[in-house]
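Everything on this sheet refers to the single structure shown next.
Proteins get letters first, then strands, A, B, ... in listed order; numbering begins at 1 in each. Computed from heavy atoms alone, side chains included, the values below leave out hydrogens, waters and symmetry copies.
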2 protein chains.
Amino acid sequence: MLKMRKTTIKGVAAAAGVSVTTVSDALSGKGRLPDATREKVQAIANQLGYRPSAIARGLRGSGIGLVGICIAPAGGGGVLTDVSYWAAIVTHASQAFLSDGHAAVLLPHDVGLLETLHIPLDGVIVVDPLERDPVLTFFEDRNIRCLTIGRDVSKTESIWVDDDTATGVRRLIEATISPGTKLAFLRVGPIKSYVTDAISGARSWAADGGGTLSIHQCAGLESEHVAHTVREAVHEGATAILTQNDRLALRVRDVLQAMGRDVPGDVRLLSAADAMELGQGPVGISAARPHPARLAEMAAAKLLDMIRGQPDVASTMSPMEVSIRESAPLL
Amino acid sequence: MLKMRKTTIKGVAAAAGVSVTTVSDALSGKGRLPDATREKVQAIANQLGYRPSAIARGLRGSGIGLVGICIAPAGGGGVLTDVSYWAAIVTHASQAFLSDGHAAVLLPHDVGLLETLHIPLDGVIVVDPLERDPVLTFFEDRNIRCLTIGRDVSKTESIWVDDDTATGVRRLIEATISPGTKLAFLRVGPIKSYVTDAISGARSWAADGGGTLSIHQCAGLESEHVAHTVREAVHEGATAILTQNDRLALRVRDVLQAMGRDVPGDVRLLSAADAMELGQGPVGISAARPHPARLAEMAAAKLLDMIRGQPDVASTMSPMEVSIRESAPLL
DNA sequence: ACTTCAAGAAGAAACGTTTCTTCATGACAG
DNA sequence: CTGTCATGAAGAAACGTTTCTTCTTGAAGT
């Protein structure tokens with residue numbers, strides 16, 4: 001394999017017997033050149049396999065069309081993101097960027113790793129920021145335009161796109177839980193905005209005379225932790241359980257079954273976040289339906305607006321529909 | 001918001017009353033400077049929020065640590081990649097890159113779109129290249145190091161990583177199909193290397209006296225097309241069907257059921273590519289198990305080796321295990 | 001007191017583009 | 001014959017780094 005150095009604009013200029021200016025103009029269609037020159041230069045550039053260096057271009061201009069998607073990796077348990085949620089966001093966002101001539105870089109949701117990278121980003125989408133997320137500070141420090149999917153409740157001036165979980169959850173409860181019921185909210189893991197929202201939706205239902213609400217923190221997704229929390233809730237008289245997300249809901253369903261409680265006969269079960277798995281199994285679980293794909297597209301579009309310098313980019317709530325299943329049928 | 005231009009190395013030099021050389025040296029730890037100067041410069045750089053421009057850096061050196069993952073988007077039907085396969089490859093490859101200080105850019109498997117992008121890539125992983133894939137030519141033309149997951153059978157000099165589908169499929173057949181059986185291979189869509197391999201695995205089984213093999217091309221994944229092809233195969237006397245992949249296998253199972261044929265009683269059913277869904281339902285489908293995660297990690301590691309300039313990077317086959325389920329139990 | 005040397009720091013080239021400015025030429029009008 | 005203009009093309013600056021080279025200074029060795 002010939003290890004020759006890449007042909008640069010200088011090489012083309014020399015080969016064509018013209019100046020670099022002429023080459024640049026000929027290839028970009030600018031300047032005033034007769035067609036003859038233009039074609040000659042193009043032919044030679046072509047023949048030499050000349051490709052302008054994106055880096056050199058970027059040095060002069062503003063950026064090279066890169067946007068980041070900052071998201072915790074998908075997979076197993078723990079704080080990892082659910083695979084289909086992850087895939088929906090990543091595919092839809094990157095497609096949206098692509099059709100605008102930008103390319104998406106996958107970034108870790110981790111400042112330590114981010115610091116090892118040195119990438120010229122035009123902007124970044126941060127997915128599910130935590131409260132006072134250091135990742136947001138990281139990008140702010142570097143003056144990189146940032147938009148979040150899900151909100152960092154502690155930052156008021158930031159721009160986000162989010163499911164309207166509060167309203168969605170309230171509608172879900174109203175549709176399936178009879179007034180006066182004792183409802184237990186089960187949460188787990190770090191605080192994300194949708195959890196806060198789900199709670200405030202449930203609170204507003206309770207405050208408006210829907211019923212009473214108690215909140216329980218699960219130590220983890222392992223069966224024993226979930227069982228402990230469920231027992232606690234049931235012992236306090238709860239006859240309806242609302243979980244933070246799909247995975248927790250599935251565990252709760254199993255735990256209730258193991259305890260011999262009928263769903264929905266003894267306890268009605270709801271999830272604040274829908275997922276395909278909730279529709280499977282003998283007792284499907286009712287849930288509010290998030291729209292990762294739609295959020296990703298909206299986020300990408302807005303971020304591109306910001307990059308183009310539009311001044312009036314605003315945050316947006318996306319309305320949620322509800323999926324009614326066996327675990328909590330319509331009243 | 002203050003719209004000041006980014007602080008550059010010149011700004012720091014001016015503020016510190018030293019030359020740019022000194023700033024560069026102080027921050028990078030090179031050159032010979034007394035600690036006093038070093039610290040002073042660092043303090044000022046810090047205070048000014050100075051971040052060296054990755055682009056400028058890249059201009060001088062070789063690259064900015066970007067690698068591409070070129071893969072057809074995941075989702076619905078058509079030529080799109082299966083979601084879990086897609087996610088496994090993208091997460092594992094990008095994680096591997098990340099831990100080496102590189103970041104992954106998601107690229108479309110589409111020359112038209114690639115041409116609109118101008119990104120300085122150190123290398124790229126092309127997932128499931130088609131035969132004589134123009135995408136490979138695209139990267140070759142641009143002198144970008146390229147490694148494929150799955151092979152382009154027409155390019156012999158390229159470097160790849162792949163499941164050993166031929167051996168896996170042959171083992172699968174040997175374990176579940178009795179000698180002398182008429183086996184029908186059903187394929188669909190564009191030719192990818194794993195299909196060629198699956199066929200050659202089946203061929204070698206047939207050639208060594210295992211049984212007879214016929215190959216059928218399905219016009220599409222829609223029920224009517226699948227039904228047509230299955231009818232054809234069964235009419236020719238096939239009592240075992242091997243499908244190209246999981247989705248086709250699922251359709252075939254439904255079609256057989258609709259035709260009133262018992263699986264595995266009347267017809268044994270196999271898939272050349274396993275997926276989670278094959279384990280679900282009353283009649284799980286036996287299959288050879290690909291390892292997208294492992295392939296992605298191997299591919300990333302090898303590509304990084306190539307980028308580092310290692311001369312002896314070789315292609316690798318990854319052995320496949322088989323999943324035995326109800327549709328074709330062990331003999 | 002004169003050379004030699006090392007430390008500290010600055011200068012300047014190079015990386016590959018784009019773009020603003022300038023220059024030369026010839027045509028045309030006065 | 002001279003001044004104006006348009007055309008075609010080259011020159012050079014700028015983008016922000018890194019790194020190789022050079023320069024200055026003071027200290028040490030003879």
The side chain of [X] is closest to which nucleotide in this list: [options]?
X: B/Thr21; options: D/dG8, D/dA12, C/dA10; answer: C/dA10
X: B/Ala56; options: D/dA9, D/dT17, C/dT17; answer: D/dT17
X: B/Asp25; options: D/dG16, D/dT19, D/dT17; answer: D/dT19
X: B/Arg32; options: C/dT18, D/dT22, C/dC15; answer: D/dT22

- Query: With sugar-phosphate meaning primed atoms plus P, OP1 and OP2, does B/Arg38 contact a base, only sugar-phosphate, or nothing at under 4.0 Å between heavy atoms?
  - Reply: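 Counting heavy atoms under 4.0 Å across all strands, no contact is made by B/Arg38.
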
Nearest-Å distance, [atom1] ([X]) to [atom2] ([N])?
X: A/Ile64; N: C/dC15; atom1: CD1; atom2: P; value: 20 Å
X: A/His118; N: D/dG16; atom1: NE2; atom2: P; value: 18 Å
X: B/Ile9; N: D/dC15; atom1: CD1; atom2: P; value: 14 Å
X: B/Leu59; N: C/dT17; atom1: CG; atom2: P; value: 9 Å
X: A/Lys30; N: D/dT7; atom1: NZ; atom2: C1'; value: 20 Å
X: B/Leu33; N: C/dA7; atom1: CG; atom2: P; value: 12 Å
X: B/Arg57; N: C/dC15; atom1: CZ; atom2: P; value: 19 Å
X: A/Arg60; N: C/dC20; atom1: CZ; atom2: P; value: 8 Å

[X] side chain near [N] phosphate (N/O to OP1/OP2, under 4.0 Å):
X: A/Thr22; N: D/dA10; answer: yes
X: B/Ser24; N: D/dT18; answer: yes
X: A/Thr37; N: D/dA9; answer: yes
X: A/Ser19; N: D/dA10; answer: yes

Any donor-acceptor pair under 3.5 Å from [X] side chain to [Y] backbone:
X: A/Arg142; Y: A/Phe138; answer: yes
X: A/Ser53; Y: A/Ala56; answer: yes
X: A/Asp152; Y: A/Arg132; answer: yes

- A/Asp122 side, atom CG; A/Ile64 side, atom CD1 - distance, nearest 0.5 Å: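 Rounded to the nearest 0.5 Å, the CG-CD1 separation comes out at 8.0 Å.
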
- Query: Taking atom CZ of B/Arg38 and atom OG of B/Ser28, what is their separation to the nearest 0.5 Å?
  - Reply: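 Rounded to the nearest 0.5 Å, the CZ-OG separation comes out at 7.5 Å.
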
